[in-house]
Amino acid sequence: MSDITYKEKAIRAIVSSAVKSYANGFSTRHLAELDDENGAINMKIHNVFIAALGPEIQYYSALARLLDSSLGNILGFISLGIAGLNYEVNQHVEGLLYKEQTDYIAELLEQYKRSVDRRVPKVADYRGITNLKGDEQTICCEGNYYLIDIEKNMHYIVNLKNNENIECDKIYYEKKILLEQYCILANKFGEDNVKILFATAYNRYGEGRPWTQGRVRQFFSEEELCISRDFWNLVCKSDHGYEIIIDEYKKNSNVLLDCFIP
């Protein structure tokens, strides 16, 4: 069995297992609450404008909204599991960070944030930041993903988003954390071996289309976007990762459909 075949089988097994586990938990938790007025579905079902369209639409509308809001959990679980096949995976970064670097980060973010003469973000904006040294402190930053490609000596700091509601102030804070993590790792391994990525599990604008969300583009450059296909190919470490994920998810989608029927 070739390495490619083994990897694909492992990826498919993770997707299949995650979908089945999610469907079982969804059914057990939510459908068992159908007669509970405080149950998760019933808390979403009392929209008089949806109810006017009929009880079936009312129920499935609430169910679909519940699924959409919780889908991020399954996608996050799948991506972490697959990343573990190809990378050393962590969710925190710890090391030295210099005051001069945090000062520069704060100044840079304010330039991205301001409404007049706003600075357009580029990776080049923080090139050379490891030369800013002085007072040092040891800190630990929590994050979504820190992926280490041992073969290539590359370190990826990934901020994965599974929903569409992205608040400007939150993005500001998240880019600050990413830049701090970048500095910590770049101080250790060199700037050429560390990369910041803003990632999404799917493209809200349609697969293959540009990600144009203003709040994201305000703080992240084009080179830092890792949207949908690019993200799945990264965690799978394969040019065909996205196709494998979608194909296996579709094969198991009937499990989700079955658990929707009370």
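Residues I78 and A18 come closest through the heavy atom pair CG1-CB, 3.4 Å. V194 approaches M154 most closely through the heavy-atom pair N-CE, 4.3 Å. The minimum heavy-atom distance linking N252 with S16 is given by the pair OD1-OG, 3.1 Å.
The backbone N or O of I129 lies less than 3.5 Å from a partner atom in the side chain of E191, making a donor-acceptor pair. Within the 3.5 Å criterion, the main-chain N or O of K237 finds a donor-acceptor partner in the side chain of K7. At distances below 3.5 Å, not a single donor-acceptor pair connects side-chain atoms of R114 with backbone N or O atoms of E110. Under a 3.5 Å cut-off, the side chain of S79 and the backbone N or O of G76 do form a donor-acceptor pair.
For the atom pair CD1 of I245 and CG of L75, the computed distance is 9.5 Å after rounding to the nearest 0.5 Å. Atom CG of residue L197 and atom CD1 of residue I157 lie 9.0 Å apart, to the nearest 0.5 angstrom.
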Verdict with supporting geometry, R119 and L109, side-chain contact (heavy atoms from CB on, under 4.5 Å): CA-CA 9 Å; R119 184 169 184 163; L109 291 174; over 6 Å; no
Step-by-step side-chain contact (heavy atoms from CB on, under 4.5 Å) determination, K161 to V216: CA-CA 11 Å; K161 293 292 184 184; V216 173; over 6 Å; no
Evaluation steps, side-chain contact (heavy atoms from CB on, under 4.5 Å), between N159 and I196: CA-CA 8 Å; N159 183 11; I196 288 173; over 6 Å; no
side-chain contact (heavy atoms from CB on, under 4.5 Å) between V93 and H155, intermediate numbers included: CA-CA 11 Å; V93 172; H155 301 256; over 6 Å; no
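For the 3.5 Å distance criterion, the side chains of Q101 and N187 qualify, holding a donor opposite an acceptor.
Applying the ring-ring contact (aromatic ring centres under 6.0 Å, His included) test to Y126 and every residue at least two apart in sequence or in another chain returns Y182. Remark: R229 pairs with E207, N233, Y242, E243 by the side chain to side chain contact (heavy atoms under 4.5 Å, CB included) rule, at least two apart or across chains. Under the rule for a ring-ring contact (aromatic ring centres under 6.0 Å, His included), F231 has no partner lying at least two apart in sequence or in another chain. S17 meets the side chain to side chain contact (heavy atoms under 4.5 Å, CB included) test with no other residue; sequence neighbours excluded. The side chain to side chain contact (heavy atoms under 4.5 Å, CB included) search around K251 returns R12, D247, E248, not counting sequence neighbours.
More than 12 heavy atoms of other residues, nucleotides or ligands lie within 6.0 Å of CD in Q137, so this atom counts as buried by the packing criterion. Heavy atoms of other residues, nucleotides or ligands lying less than 6.0 angstrom from CZ of R209 number 12 at most.
K195 has no carboxylate O lying under 4.0 Å from a charged side-chain N of E224, or vice versa, which leaves the two without a salt bridge. Ion pair K176/E180 flagged as a salt bridge, since at least one NZ, NE, NH1 or NH2 atom sits closer than 4.0 Å to an Asp/Glu carboxylate oxygen.
For residues 71-121, there are no ring-ring contact (aromatic ring centres under 6.0 Å, His included) pairs, not counting sequence neighbours.
Side chains of D103 and L132 form no contact here, defined as non-hydrogen atoms less than 4.5 Å apart. Side-chain contact between F198 and I171: present, with at least one pair of heavy atoms (C-beta onward) separated by less than 4.5 Å.
Classification of the F219-Y172 ring pair by plane angle, with boundaries at 30° and 60°, yields perpendicular.
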